[in-house]
Amino acid sequence: MSDIAGMDELIEYLGTLPTQLQSKTAAAMDRELGRAVTLAKRKASAGEDPDHEVTRSITHTVSIGGEGVEGQLVANHERAIYREIGTGPRGYASGGKPPIPAKYTLQTMIKTGRRAGTIIPGWVYHNRKAGHLVHSMGQPAQPFLYPAWEESEQLVTDAVEAAIDRMLEGGG
């Protein structure tokens with residue numbers, strides 16, 4: 001208990017500031033990441049997503065923890081990563097973002113026929129629907145998440161900074 005008038009109230013108010021600040025910055029981040037989700041979904045739907053599963057999987061999270069406020073823009077469908085960065089030599093050559101260098105060499109040796117012994121780039125997989133083996137060079141990247149983040153990053157940062165400024169100026 002302080003002898004200075006209003007000091008106890010001031011100390012109590014100052015004790016609530018970190019919680020208020022996290023709450024306000026989380027709300028600003030949530031709002032802007034929601035806009036980034038809309039942008040990412042628009043970009044994803046422009047590519048190959050016939051059943052719209054990848055597009056529907058795009059979401060965001062905002063959490064408050066010991067390290068502060070953290071936000072994530074994510075696509076959690078199993079095919080999302082292949083769409084984002086591509087696969088195989090075609091994916092690497094198409095310049096997906098962020099650029100991920102190829103750490104492998106995919107090669108297939110032809111075992112029978114007139115080209116037996118020939119080594120060709122790519123891989124072979126069994127297409128269950130078609131019922132036969134298919135040779136593939138991969139698919140080019142069709143990035144949607146990273147470009148949406150690149151376009152939204154400054155907006156998220158500005159919104160969080162504005163929320164902090166309003167808090168510090170007493171405008172909550």
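Every heavy atom of this structure was used, including side-chain atoms; hydrogens, water molecules and symmetry mates were not.
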Measure the [atom1]-[atom2] distance between [X] and [Y] for me, rounded to the nearest 0.5 Å.
{"X": "Thr25", "Y": "Ile64", "atom1": "OG1", "atom2": "CD1", "result": "6.5 Å"}
{"X": "His52", "Y": "His77", "atom1": "NE2", "atom2": "NE2", "result": "12.5 Å"}
{"X": "Ser23", "Y": "Met167", "atom1": "OG", "atom2": "CE", "result": "8.5 Å"}
{"X": "Leu133", "Y": "His126", "atom1": "CG", "atom2": "NE2", "result": "6.0 Å"}
{"X": "Met29", "Y": "Ser63", "atom1": "CE", "atom2": "OG", "result": "9.0 Å"}

Quiz: residues 157-164 side-chain donor-acceptor pairs under 3.5 angstrom, not counting sequence neighbours:
residue	atom	partner	partner atom	Å
Thr157	OG1	Glu153	O	3.0
Asp158	OD1	Gln154	NE2	2.7

Taking every non-hydrogen atom, the tightest pair across Ala36 and Ala148: O-CB, 4.0 Å
Closest contact, heavy atoms only, Ala26 versus Val69: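 Nearest pair, atom of Ala26 first, then Val69: CA-CG1, 3.8 Å.
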[Y] and [X], any side-chain heavy atoms less than 4.5 Å apart:
{"X": "Phe144", "Y": "Val54", "value": "yes"}
{"X": "Pro147", "Y": "Glu84", "value": "yes"}
{"X": "Glu53", "Y": "Arg79", "value": "yes"}
{"X": "Leu33", "Y": "Trp149", "value": "yes"}

Look at the side-chain heavy atoms of Ile, Leu, Val, Met, Phe, Trp and Tyr, link any pair under 4.5 Å apart, and say whether [X] and [Y] land in one connected group.
{"X": "Leu145", "Y": "Leu39", "answer": "no"}
{"X": "Tyr82", "Y": "Val74", "answer": "no"}
{"X": "Val62", "Y": "Leu21", "answer": "yes"}

Short side-chain to backbone donor-acceptor contact, Thr87 and Gly138, under 3.5 Å: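 Checking the backbone N and O of Gly138 against the side chain of Thr87, no donor-acceptor pair under 3.5 Å is found.
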For Lys41, all residues meeting side chain to side chain contact (heavy atoms under 4.5 Å, CB included), sequence neighbours excluded: Val37, Thr55, Ile58
Lys43 bridged to Glu151 by N-O distance under 4.0 Å: yes
Sidechain N-carboxylate O distance under 4.0 Å for Asp30, Arg35: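 No.
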